[in-house]
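Notes for the one structure printed next.
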Number of protein chains: 2
Amino acid sequence: MHSVSEENYIKTIYHLQDGKSLVSTNDIAGGMNTKASSVTDMLKKLADKNLAEYIPYKGTRLTQNGINCATQIIRKHRLWEVFLVEKLDFSWDEVHEVAEQLEHIQSRKLIDELDKLLEYPKYDPHGDPIPDAQGNYEKTAKTAISKLEKGQSGVLAGVHDTSTRFLQYLDKHQIELGTQIQLLELEAFDGSCLIKTDLKELHISKTIADNLYLKVL
Amino acid sequence: MHSVSEENYIKTIYHLQDGKSLVSTNDIAGGMNTKASSVTDMLKKLADKNLAEYIPYKGTRLTQNGINCATQIIRKHRLWEVFLVEKLDFSWDEVHEVAEQLEHIQSRKLIDELDKLLEYPKYDPHGDPIPDAQGNYEKTAKTAISKLEKGQSGVLAGVHDTSTRFLQYLDKHQIELGTQIQLLELEAFDGSCLIKTDLKELHISKTIADNLYLKVL
DNA sequence: TTACATTTTTAGACAAGGCTAAAATTTAAT
DNA sequence: ATTAAATTTTAGCCTTGTCTAAAAATGTAA
């Protein structure tokens with residue numbers, strides 16, 4: 001249907017969109033490790049195929065068509081991640097790059113059967129919701145620790161960064177999905193904070209705090 | 001490591017090799033639905049990468065390097081086929097095209113874990129042996145029905161053609177791996193023959209007889 | 001509002017893979 | 001042994017997706 005490259009652009013635009021009305025060429029380039037000029041070329045092609053609306057010098061947004069395509073890719077990516085963790089003993093920091101390949105396999109039956117095998121999971125190993133076959137998924141309200149008020153607490157419901165390094169950092173400090181976390185102190189100067197889990201207190205940088213999403217209690 | 005295109009050439013050459021000392025450019029083109037000129041181009045690239053030995057106007061053979069690469073691709077293809085049939089309820093005529101995509105996914109851990117999940121199967125759904133992690137597999141002696149003597153019998157141990165049409169033909173006549181088959185008559189004129197299974201007698205064309213491999217009893 | 005900085009697009013090039021048409025080589029057949 | 005037929009290679013072009021460098025548009029700050 002669409003090339004791997006097109007699918008990667010669609011996915012990136014979808015993720016960058018989130019609220020904003022238009023996504024900038026530069027942001028797409030940044031998110032994909034390519035140059036802005038390459039992005040411009042591709043945006044024209046996506047617009048030709050009615051997958052995106054492209055307004056030169058202003059930005060891009062996906063059409064409904066493009067959005068449908070994006071959610072299917074995300075569905076595949078997240079289902080494969082669950083498969084890798086549940087069935088093949090991968091740890092949550094190992095799944096991303098393999099899922100990046102698997103998400104481009106074309107077969108409706110494959111993905112529906114995979115969904116069945118995994119018993120229709122609602123969330124992937126990083127806490128992100130999995131769209132159903134129709135592309136619907138609930139966006140649960142999650143708040144970055146860095147946005148909390150001092151004293152508030154919640155359970156870890158998702159992470160923004162899924163890099164190996166970041167996930168291994170969490171493993172080292174015994175933080176995982178479902179871990180209850182309370183914000184004890186928020187340092188105004190650098191945005192770092194002191195948090196408390198069931199097991200211990202921990203000082204984390206703003207970067208980390210931005211990447212940990214809680215379902216507030 | 002290697003591109004999808006390179007891997008497909010390597011796989012095709014490996015399958016065409018089988019005994020022959022050199023594979024012809026035209027045969028490769030035929031086996032891949034491309035033109036001979038495209039094949040020539042690729043053969044030079046494979047030779048540069050020390051995956052094949054290419055002798056202009058004479059033919060090509062894989063180097064040990066190329067053979068190792070081919071057996072790994074075949075290992076992946078056949079393991080995925082088992083996965084699709086055993087875990088995802090695919091029928092044996094539905095697996096090929098999806099496995100053609102999955103065989104190019106790059107991840108050593110993925111394939112070794114898949115092997116474990118499937119409990120180290122020896123054969124794929126078409127009766128073909130699956131190479132182990134070191135690339136070793138036993139080539140069991142199988143004979144096409146068309147090569148048998150009148151009166152000989154055996155059990156179906158493999159099929160040559162894995163197209164949906166052919167496999168559905170077999171399903172229709174209740175012939176599957178392990179079915180015991182006896183050659184009753186061999187028509188010298190057109191190579192067609194009369195065979196007998198546990199359930200019934202059946203007249204099959206030479207094309208069919210060439211595609212059914214028996215382990216002779 | 002003019003000047004500078006940033007962002008984005010265009011123009012031109014390249015690599016991978018593939019095609020057609022023509023040339024070269026090998027094989028087969030008088 | 002020559003010619004004819006088949007196979008294979010070369011030459012030149014195309015598409016996809018990428019890049020660099022230069023030009024154009026937009027945004028910002030004095």
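No experiment lies behind these values; they were computed from the predicted model shown.
Checked by atom type and distance alone, the side chain of A:Gln152 pairs as donor or acceptor with a backbone atom of A:Glu149 at under 3.5 Å.
Atom CG of B:Asn33 and atom C1' of C:dG18 are 13 Å apart (whole Å). Per the geometry, NE2 belonging to B:His2 stands 17 Å off C1' belonging to C:dA15, to the nearest Å. Atoms CE (A:Met32) and C1' (D:dG17) sit 11 Å apart, rounded to a whole Å. What separates CD1 of B:Ile28 from P of D:dT9 is a distance of 9 Å, to the nearest Å. The separation between B:Glu6 atom CD and C:dA15 atom P is 16 Å, rounded to whole Å. What separates CE of A:Met42 from P of D:dT16 is a distance of 10 Å, to the nearest Å.
Ring geometry, A:His160 versus A:Tyr213: the interplanar angle exceeds 60°, so the pair is classed perpendicular (tilted spans 30 to 60°). The aromatic rings of A:Trp80 and A:Phe83 sit perpendicular to each other, their planes meeting at more than 60°, with 30° as the lower class boundary.
A close approach under 4.0 Å does not occur between any side-chain nitrogen or oxygen of B:Ser3 and OP1 or OP2 of C:dA16.
The side chain of B:Lys35 sits closest to C:dC19 out of C:dC19, C:dG17, D:dT18.
When ring centroids are compared, A:His96 and A:His126 stay outside the 6.0 Å threshold.
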Does the side-chain contact (heavy atoms from CB on, under 4.5 Å) test come out yes or no for B:Asn68 and B:Leu62, once each step is laid out?
-> CA-CA 9 Å; B:Asn68 294 342; B:Leu62 294 179; over 6 Å; no
Starting at the 5' end of nucleotides 8-13 of chain C, put B wherever the base has a protein heavy atom under 4.0 Å, S where only the sugar-phosphate does, and a dash everywhere else.
-> BBB---
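The side-chain tip of B:Lys109 points at the ring of A:Phe90 from less than 6.0 angstrom away and within 45° of straight on.
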